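Some notes on the structure that comes next.
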2 protein chains.
Amino acid sequence: MKAQPSAESARAHAGGTADRPADLALRSLVHAFGLIERVMQPYFARFGVTGSQWGVLRTLQRSEAAGEAGLRLTDLSNRLLVRPPSVTGVIDRLERLGLVARDTVPGDLRAKSVTLTRKGRELVTRVLAAHGPQVEGILAGLNPGEQADLHRLLGKLTSHLEGLVAERETE
Amino acid sequence: MKAQPSAESARAHAGGTADRPADLALRSLVHAFGLIERVMQPYFARFGVTGSQWGVLRTLQRSEAAGEAGLRLTDLSNRLLVRPPSVTGVIDRLERLGLVARDTVPGDLRAKSVTLTRKGRELVTRVLAAHGPQVEGILAGLNPGEQADLHRLLGKLTSHLEGLVAERETE
DNA sequence: CGTATATTATTAGGATGCTAAGCAAACCCC
DNA sequence: GGGGTTTGCTTAGCATCCTAATAATATACG
């Protein structure tokens, strides 16, 4: 193969974009996430909840399974990477749906503890029954080894990003 | 090592979650994306635009660099993985900011062609000047080889997901 | 003790995303 | 050529996310 201007370098020259590994990786991550949302949104809608609501329900269920007695809005905010005002709204709607409850926290009059109701627990069980195959279907483009590789790379990336976010929030 | 209940299987038993490679990969992808948004949002805000607006501007700029004369809203919708009504809103605001213009399309009275204004083109240039280091900073947790691996895995996943989305939309 | 600071949750206002529904123009096909 | 279908964009209504500002409680410290 003779040295010819590659498609990338031609595009970089014309458009000013770099298309280095970092750009390609970031773009593919954003694109993959967009496609996953496209698939997951109608899936959750079948159960009458949104993806964000499911995030809260799943987090509460995990916390419950770990023996904790409810999570404060701040805890949910931290675990879900979502700001407190957004959590307030999601919890409002979940409460209106009768899936969670806001309880007072004994030692702290400011805080509120969110817990699953019986109805919420039932919904989580129902979703989880269908969840395995759904997730497998989404990741079916990769074999288990590749899925593990992806997990490893993203874990490493996540650690780095948490560092970035932490220093951004302290300064 | 003796056969002991692993942390995963214990958690799976308690919480009903699987924690198979597919689950781990999906969760890490969602988490990484959330962290990236946390970092990118304030970055774009410095230039007076949002991430979605930047997506449109960058797409228009690429299209322009490829010699195309404007993109219809439908084209933007397809490239950005966003439904047409959402594109309408983003373009409304970009137009109000004077960064893009809606022109009529010669052969089709329904369609509208979106193009960058001079001001929009200047903003893209200004953002691109800072963009390389910003993206490198985000991906700095991975070396170039790992970045390429990530891109390859996500590309494969994307192909699979596009198939899923396509069959979902034809049925 | 009592004030200053920090934490917890909420409200207000703006931007994005979706689905469903509507309108106008273009297309298809008999 | 005309009726039915498809396409392109928009509007309406809801859920999510954000930042900034408020209110109330806890904590720290002089």
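So that the names make sense, note that chain A is the first sequence line, chain B the second, and so on, each numbered from 1. Predicted model, so just to flag it, every value in this text is computed and none were measured.
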Notebook entry, point to check: If we only count heavy atoms from C-beta on, is the B/E64 to B/R121 side-chain gap below 4.5 Å?
Noted result: yes

Margin query: Quick one, B/E162 and A/R38 - any side-chain contact, counting heavy atoms below 4.5 Å?
Written below: no

Next item on the list: Respond yes when some side-chain nitrogen or oxygen of A/T88 is under 4.0 Å from OP1 or OP2 of C/dT10, and no when none is.
Entry: yes

Margin query: Tell me whether the side-chain N/O atoms of B/S52 come closer than 4.0 Å to OP1 or OP2 in C/dA15.
Written below: no

Checklist line | Under 4.0 Å protein heavy-atom contact, by nucleotide of nucleotides 18-26 of chain C - B base, S sugar-phosphate only | finding: BBB----BS

Note to self: Distance under 4.0 Å to a non-hydrogen atom of chain B counts as contact; along DNA chain D, which nucleotides mark the start and end?
What the structure shows: D/dT7 to D/dC18

Margin query: Between B/R118 and B/E122 (salt bridge meaning N to carboxylate O under 4.0 Å), is one present in this structure?
Written below: yes

Checking the side chain of [X] only, and the main-chain atoms of [Y] only, is there a donor and an acceptor separated by less than 3.5 Å?
X	Y	value
A/S77	A/L73	no
A/T59	A/G55	yes
B/H160	A/G137	yes
B/R102	B/K112	no
B/T117	B/G98	yes

Margin query: Within the 4.0 Å heavy-atom criterion, would you say B/E37 contacts the bases, only the backbone, or no part of the nucleic acid?
Written below: nothing

Next item on the list: Scan A/S86, A/P84, A/P85 and name whichever one has a side-chain contact (heavy atoms from CB on, under 4.5 Å) with A/V82.
Entry: A/S86

Margin query: Measuring from atom OG1 of A/T158 to atom CZ of B/F33, what distance do you get when rounded to the nearest 0.5 angstrom?
Written below: 13.0 Å

Item checked: DNA chain D-proximal residues of residues 68-80 of chain B, any heavy atom under 4.0 Å -> B/R72, B/L73, B/T74

